[in-house]
Amino acid sequence: MLKSLALALPFSSSSSSSSSSTVSSLLLPISSSLSKSNFRIKPISPFPQTLRLASPQRPSMNLLNKFGFGTRATEASSESSAIAQGPDDDIPAPGQQFAQFGAGCFWGVELVFQRVPGVTKTEVGYTQGHLHNPTYEDVCSGKSYHSEVVRVQYDPKECSYESLLDAFWARHDPTTLNRQGNDVGTQYRSGIYFYTPEQEKAARESMERHQKLLNRKIVTEILPAKKFYRAEEYHQQYLEKGGRFGFKQSAAKGCNDPIRCYG
């Protein structure tokens, strides 16, 4: 731009000295203004921009990510994977025990266990993956291989582990691999994650009994409970709090109201 301005200014060779002085005096304020720190060149995008209103309740997620084909690369280092694959070393309240279940979208699964008498606390989160401190988007990408689970804290004097297993089997279809209804992806896989040998034994015996009642093979995985990563706060007790639309659902003990799972 400066070069064009200089060529556009007329001057003769006989007055080159004075003309040069004139050009310099004209260009000086332009050059000075261009060098100011508040001057910015704003690029013009060749594509029209669209204003996207993201939900305050749930991060926006494209369809490919939901099916495990997201563009974000989630690379877990060996150290990260070792941490994520370690045991759940959290400690339940005195006199209480932990149990972990994966049965599809953890919103509805949590509400099921909230209603079970003897359950004193529920948390939704991620486990069994290869990434330390995963986010919801990491899990939905399918690349971290985490499962959406509910960690249940219960009083064994008031609630047997077998009653938790009954609630687990009743909530979902254990014969669909990495899928519950319209929710598809490894994060929705069916799983029982045990803390003690007694829990493992009860889980396997329970699965054998339920397999005899079904004409399709159960694909539920039964594995030791691994590090539990608590999900983002807005996921916790999501349906009880009303979800995106504010339609609160009862978490009262023994409640049998149908559970509506919505985004």
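Keep in mind that what you see is a predicted model, and the values were worked out from it rather than measured.
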Does some side-chain heavy atom of K143 sit less than 4.5 Å from a side-chain heavy atom of H130?
no
Y193: which other cluster members, linking ILVMFWY side chains closer than 4.5 Å, directly or transitively?
V149, L223, F228
For Y145, does its backbone N or O pair with a side-chain atom of Y126 as donor and acceptor, under 3.5 Å?
no
Is I259 close to R115 at the side-chain level, that is, under 4.5 Å between some pair of heavy atoms?
yes
Partners meeting side chain to side chain donor-acceptor pair (under 3.5 Å) with T122 (sequence neighbours left out)
E110
For residues I83 and N133, determine if any side-chain heavy atom of one lies less than 4.5 Å from a side-chain heavy atom of the other.
no
How about T176 and Y188: do any of their side-chain heavy atoms sit closer than 4.5 Å?
no
Given 3.5 Å as the limit, does a donor-acceptor pair link the side chain of Q249 with the main chain of L239, or not?
no
Taking atom NZ of K241 as the centre, report whether more than 12 heavy atoms of other residues, nucleotides or ligands fall under 6.0 Å from it.
yes
Are any side-chain N or O atoms of Q199 and backbone N or O atoms of P224, one a donor and one an acceptor, separated by less than 3.5 Å?
no
Considering only distance and modelled atom types, tabulate donor-acceptor pairs under 3.5 Å from the side chains of residues 95-104, sequence neighbours left out.
residue: Q96; atom: OE1; partner: T120; partner atom: OG1; Å: 2.7
residue: Q97; atom: OE1; partner: Y154; partner atom: OH; Å: 3.0
residue: Q100; atom: NE2; partner: Y195; partner atom: OH; Å: 2.8

Name the residue from R151, Q237, H235 that meets the side chain to side chain contact (heavy atoms under 4.5 Å, CB included) definition with V124.
H235
Between K253 (side chain) and V116 (backbone), is there a donor-acceptor pair under 3.5 Å?
yes
All side chain to side chain donor-acceptor pair (under 3.5 Å) counterparts of H210, not counting sequence neighbours:
none
Less than 4.5 Å apart, side chain to side chain, heavy atoms only: is that true for S206 and E162?
no
Residues E208, R204: salt bridge by 4.0 Å N-O rule
no
Which residues share a side chain to side chain donor-acceptor pair (under 3.5 Å) with E205, sequence neighbours left out
K201
Consider only side-chain N and O atoms of D138 and T135, and report whether a donor and an acceptor are under 3.5 Å apart.
yes
Taking the side chain as every heavy atom from C-beta outward, state whether R230 and Q236 have any atom pair closer than 4.5 Å.
yes
Got E148 and Y136 here, is their nearest side-chain heavy-atom distance under 4.5 Å?
yes
Aromatic rings H172 and F168: how do their planes relate, parallel, tilted or perpendicular, breaks at 30° and 60°?
tilted
All side chain to side chain donor-acceptor pair (under 3.5 Å) counterparts of S250, not counting sequence neighbours:
none
Do L111 and F247 share a hydrophobic cluster (ILVMFWY, side-chain heavy atoms under 4.5 Å, transitive)?
yes
Is the shortest side-chain heavy-atom distance between D173 and R216 below 4.5 Å?
yes
Shared ILVMFWY cluster between L214 and I222, side chains joined below 4.5 angstrom?
yes
